[in-house]
Amino acid sequence: MNPQEVFFKMVVQLRAMQMFSQAAHHLCSKALFFQDHEALGGFYEALQGEYDRAAEKYVALYGGYDMKSLFSQAAAKLQSAPSDVKENKDFFTYLLSMEKELCSMVDMLVRQGGYSEGAKNLLADIGTVSESRQYLIKRRVM
C-alpha cells in the first residue's frame, strides 16, 4: 500500500473511532456510568480534533479526497463494532483494538518516510495521544 493510501486509511480510522466513541458515550450505562461517560466524552472530543487535523493534512499533501469513500469506509469499519453491549467495558475493549490499528498505521507512515516536519509532527502527535488513550483504556478493562 502506498503512503497516500495508508494516510487515507488513517483518516478513515480516526473518523470511525470518533463516531464509535461518541455513540459509546451516549450508550454507556449501569456500573461506572459517570466515569465511563466522562472518559468516552473526552475521547470523542479529542478524536474529532485529531480527525480534523489529519484530514486537513491529507488535503494539503494529496489535494483532496472522495467524501463518499471516507464515509462509507468509516461506516464499514464500524460493522464489526459491538452492538448488543452488556457492559461498558465492551466499548473500551473495542476502542482499544481500534487504537492499536491506528498506531499500526502511524508506524507504517513513519517508516515509509518522506514527509515534511509538520506532517511528521502530526503523526507523532497522533501516535502519542493514542498510546496515552490505550493506557487509560487498558486500566479500565482490567
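Here, residue 1 is the first one in the sequence, and each next residue gets the next number. Source: prediction; values computed, not measured. Keep in mind that the numbers below use all heavy atoms, side chains included, and drop hydrogens, waters and symmetry copies.
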Handout entry: Reported SG-to-CD distance for the pair Cys28 and Glu87, which is rounded to 0.5 angstrom
Key = 13.0 Å

Practice task
Decide whether Leu95 and Tyr44 are clustered together by the hydrophobic rule: side chain heavy atoms of Ile, Leu, Val, Met, Phe, Trp, Tyr closer than 4.5 Å, transitively.
Solution key: no

Handout entry: Chi angles and distances behind the side-chain contact (heavy atoms from CB on, under 4.5 Å) call for Gln13, Leu47
Key = CA-CA 10 Å; Gln13 183 75 5; Leu47 285 160; over 6 Å; no

Problem - Close side-chain approach of Met98 and Ser21, heavy atoms under 4.5 Å - result: no

Fill in the blank from the handout: Interatomic distance, CE@Met142 vs NZ@Lys89, rounded to 0.5 Å, equals 10.5 Å

Exercise for the section: Go through Met19 and Arg15 one step at a time and tell me if the side-chain contact (heavy atoms from CB on, under 4.5 Å) criterion holds. Expected result: CA-CA 6 Å; Met19 292 166 59; Arg15 181 64 174 143; 3.9 Å; yes

Exercise for the section: Enter the distance from His26:NE2 to His37:NE2 here, rounded to the nearest 0.5 Å. Expected result: 7.5 Å

Fill in the blank from the handout: In short, Leu123 meets Val106 closest at the heavy-atom pair O-CG1, 3.4 Å

Problem - Partners meeting ring pair (Phe, Tyr, Trp, His ring centres under 6.0 Å) with Tyr62 (sequence neighbours left out) - result: Tyr58

Exercise for the section: Establish whether Leu61 and Met67 are linked, either directly or via other cluster members, by ILVMFWY side-chain heavy-atom contacts under 4.5 Å. Expected result: yes

Practice task
Apply side-chain contact (heavy atoms from CB on, under 4.5 Å) to the pair Leu40 and Phe92, showing each step before the final yes or no.
Solution key: CA-CA 9 Å; Leu40 291 164; Phe92 290 91; 3.8 Å; yes

Problem - Distance (rounded to the nearest 0.5 Å) between Gln22 CD and Met17 CE - result: 14.0 Å

Handout entry: Transitive ILVMFWY side-chain link Val129 to Met105, under 4.5 Å
Key = no

Practice task
Quick one: closest heavy-atom pair of Glu131 and Cys103, and the distance?
Solution key: CG-SG, 4.2 Å

Exercise for the section: Kindly write out the residues that satisfy ring pair (Phe, Tyr, Trp, His ring centres under 6.0 Å) with Tyr135, not counting sequence neighbours, or none if the list is empty. Expected result: none

Handout entry: Single-linkage hydrophobic cluster, 4.5 Å side-chain cutoff, Tyr65 and Val6 together
Key = yes

Problem - Worked verdict on Met10 versus Leu102 for side-chain contact (heavy atoms from CB on, under 4.5 Å) - result: CA-CA 6 Å; Met10 181 188 70; Leu102 175 65; 3.7 Å; yes

Completion exercise
Taking every heavy atom of Leu78 against every heavy atom of Tyr94, the minimum-distance pair comes out as CA-OH, 4.2 Å

Handout entry: Gap separating the CD atom of Gln48 from the CD atom of Glu45, nearest 0.5 angstrom
Key = 9.5 Å

Exercise for the section: Pick out which of Leu27, Asp90, Thr93 makes a side chain to side chain contact (heavy atoms under 4.5 Å, CB included) with Val85. Expected result: Asp90

Practice task
Would you give the length of the straight line joining atom OG of Ser130 to atom CG of Leu96, rounded to the nearest 0.5 angstrom?
Solution key: 9.0 Å

Problem - salt_bridge(Arg53, Glu56) N-O dist < 4.0 Å - result: no

Practice task
Please check if atom CD in Gln112 has more than 12 non-hydrogen atoms from other residues, nucleotides or ligands closer than 6.0 Å.
Solution key: yes

Handout entry: Under the salt bridge (charged side-chain N to carboxylate O under 4.0 Å, His left out) test, residues paired with Asp52 that sit two or more places apart
Key = none

Fill in the blank from the handout: Of all heavy-atom pairs linking Ala54 and Phe7, the shortest is O-CE2, 3.5 Å

Exercise for the section: Go through the structure and list residues passing salt bridge (charged side-chain N to carboxylate O under 4.0 Å, His left out) with Asp36, not counting sequence neighbours. Expected result: Arg140

Exercise for the section: Please tell me if the side chains of Tyr115 and Val110 come closer than 4.5 Å, counting only heavy atoms from C-beta onward. Expected result: no

Problem - Residue list, salt bridge (charged side-chain N to carboxylate O under 4.0 Å, His left out) with Lys77, at least two apart or on another chain - result: Glu101

Fill in the blank from the handout: Applying salt bridge (charged side-chain N to carboxylate O under 4.0 Å, His left out) to Arg133 and not counting sequence neighbours gives Glu50, Glu99

